[in-house]
Amino acid sequence: MPDAPGFPALHSRDAFDPTAGGVGTLPRSWARHFADAPSRSALTTSAGRTLDYAALDRASAAAAGRLHGAGLRPGDRILLSAEASLDLVVAHVACLRLGLVVVPTNTAYRAPEIAHVVGDATPRAAIVDAAERADAVRAADAGVAVLEPTIPLPDAAPPPLDVAAPEAPALIGYTSGTTGRPKGAVLAHANLLASVESLRVAWRWTADDHLVLALPLFHMHGLGVGLHGTLHAGASAHLLPGFAPAAVLDAIAATDATLFFGVPTMYHRLVDSPGADAMRTLRLCVSGSAPLPASLHARFEALTGQRILERYGMTETVMLVSNPVDGERRPGTVGVPLPGVEVRLEGSPPEIQVRGPNVFAGYWQREDANALAFTSDGWFRTGDLGERDEAGYLRIAGRAKELIISGGYNVYPREVEDALRAHTAIEDAAVVGTPSEEWGEVVTAYVVGADVPPLDALRAFLADHLAPYKRPRRLHVVDALPRNALGKVQKHLLSATEPSEASAT
Ligand code: MCA
Ligand code: AMP
């Protein structure tokens, strides 16, 4: 009997149990590997650093002791905003083992974006790897203890670790969902565990796997799938501080890697890179966070022999739906629900609604948003539109929510419009996503005003307000925005007039 009625049962159902055999939380899952496989490699870097499970246990326990000695207690929020590194991983593992609630925060954020997260999540501490972001945290709240990823605090004996309850909050991921300022999706320990257990089963992730991890560790893809999945499977990952095709290909060749996870923009850059054939040796290449064009799927297969496995997820739910490892992978679809996940298509046009042990319980202190995010019978409304293809696979047919996905990063038009309207020359602004081969979509602004500065000057103006990936890459000055009788901008009319990519700035 399939988990998700209406979808073919394609994933392995090998012993799927959302509690992973009763362990209940990620820290308790990791503790099994600390005890059973101490000398197995957990993390490697291109600088030649490695951490086995025993070293990860020792280093994270020591870091947890220092954080506890400084007064941090279970349930306290701690903002983490740093480039991927062994120190960051140790800090993250320490926080979860201690029962702190991690608030991963994009390193590209500017001061106002950081101030919003600090003001909303009210962290007691922050782990940050750049002076500018440290200053932004302190400016937002002088009471936050700001630390480097090495956590340079006096040593102290840790309290009992790995004792957080499955229902206790583990992570707050900021995401806008539908509209407005980013909201914090509160993921419980049980949600994080259920999702990686489901992936372990469906993707046949074992201790023999070695992942090349070039995704940032401040979003669910790199953190909740790449890092958590690796450590849950007792496997290993090669950490890269950022994405560069040559570094990824070198790491694959040098480390006997078996897995690579990326966003479509990464695959787009890899197919254009010399030596991409090195990916041929991998067991599995996974794509997600944004739609993978079927043409890119085909080009990648021709070059590397790999049929990319596309999957679909959200910050609020971690992973939901995936193409199968063993069965047919269908380009242009995201596959079928993962073990334990239920998916239904409701309304017209049909919205994807989900339920399962991986799905969060609600947004941080946002009862108003929670009332809209869940149906009266308890399903989470993704805001994505879906349909089944002829083989029963789920295809994402569009979005009911206003969201632009550029290079796998989400951009909420409203945030960009507000920042643009703060410019004295701009009377009105509307922001939409327009197609791009490299980025999937690019942020495109339509503005009204007599003396609107050129795009470069506008981007420079926005630099104080918005992360670089949110700043428009295309600009159109128009006489007026198309509005309906209620005064609402008809954005579909704007994107329909977008000139071809060649004419873009
Ligand atoms: C960087 N820039 C971008 C983006 N990334 N602009 C638009 N969209 C982007 N995604 C800016 C840079 O700041 C720089 O701006 C200019 O573009 C050129 O940078 P470049 O060096 O080419 O970019 P990069 O640093 O190589 O980054 C490209 C990237 C990166 C590696 C594709 O965007 C990335 O890591 N994306 C992954 C995002 C991710 O992890 N998403 C998962 C969300 P300037 O010229 O002004 O300096 S989690 C999620 O969605 C759910 C759970 C799911 O399903 O996974
Ligand atoms: P986030 O809020 O950053 O977690 O982004 C989640 C959103 O990314 C989803 O609601 C989808 O709109 C989108 N997304 C994730 N994976 C895919 C995919 N494979 N294809 C299309 N959209 C995706």
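Note that ligands are numbered from 1 as they come in the structure, with each ligand's atoms numbered from 1 the same way. On a predicted model such as this, the values are computed, not experimentally measured, just so you know.
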Considering only heavy atoms of Gly408, which atoms of ligand 1 have at least one such atom less than 4.0 Å away?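 Those atoms are 38 (C), 39 (C), 41 (N), 42 (C), 43 (C).
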If the cut-off is 4.0 Å to any non-hydrogen atom of Pro468, which atoms of ligand 1 fall inside it?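 Per the distance check, 13 (O), 15 (O), 46 (O).
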Determine whether any protein heavy atom is located less than 4.0 Å from atom 50 (O) of ligand 1.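 Under the 4.0 Å cut-off, atom 50 (O) of ligand 1 does have protein heavy-atom neighbours.
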Look up atom 21 (O) of ligand 1 and tell me if a protein heavy atom lies less than 4.0 Å from it?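 Protein heavy atoms within 4.0 Å of atom 21 (O) of ligand 1 - there are none.
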Quick one about Thr255 and His238 (side-chain donor to acceptor, distance below 3.5 Å, no hydrogens or angles considered), yes or no?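 Thr255 and His238 do not have a side-chain donor-acceptor pair below 3.5 Å.
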How does Tyr312 reach ligand 1, by side chain, by backbone, by both or by neither, if only non-hydrogen atoms under 4.0 Å count?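 Under 4.0 Å from ligand 1, Tyr312 contributes no heavy atoms.
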Pair listing, side-chain hydrogen bond (donor to acceptor under 3.5 Å, both in side chains) test, anchored in residues 102-112, at least two apart: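 For residues 102-112, and leaving out neighbouring residues, the side-chain hydrogen bond (donor to acceptor under 3.5 Å, both in side chains) pairs sorted by first residue read Asn106-His219, Asn106-Tyr469, Arg110-Glu132.
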If you look only at pairs with a residue in residues 291-337, which of them pass as a ring pair (Phe, Tyr, Trp, His ring centres under 6.0 Å), with sequence neighbours excluded?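 Applying ring pair (Phe, Tyr, Trp, His ring centres under 6.0 Å) to every pair that reaches into residues 291-337, excluding sequence neighbours, yields Tyr267-Phe300.
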Should Arg459 be counted as touching ligand 1, given the test is an N or O pair under 3.5 Å?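 Yes, since at least one N or O of Arg459 sits under 3.5 Å from an N or O of ligand 1.
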Region of Thr315 that comes within reach of ligand 2 [heavy atoms, distance under 4.0 Å]: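 Both the backbone and the side chain of Thr315 come within reach of ligand 2.
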For ligand 2, find out whether one of its N or O atoms is nearer than 3.5 Å to an N or O atom of Asp384.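 N/O-N/O distance under 3.5 Å: yes.
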Just to be sure I'm reading this right: ignoring hydrogens, which of Met266, Met319, Glu316, Arg269 gets closest to atom 28 (C) of ligand 1? Compare them by their nearest heavy atoms.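 Looking at heavy atoms only, the winner is Arg269.
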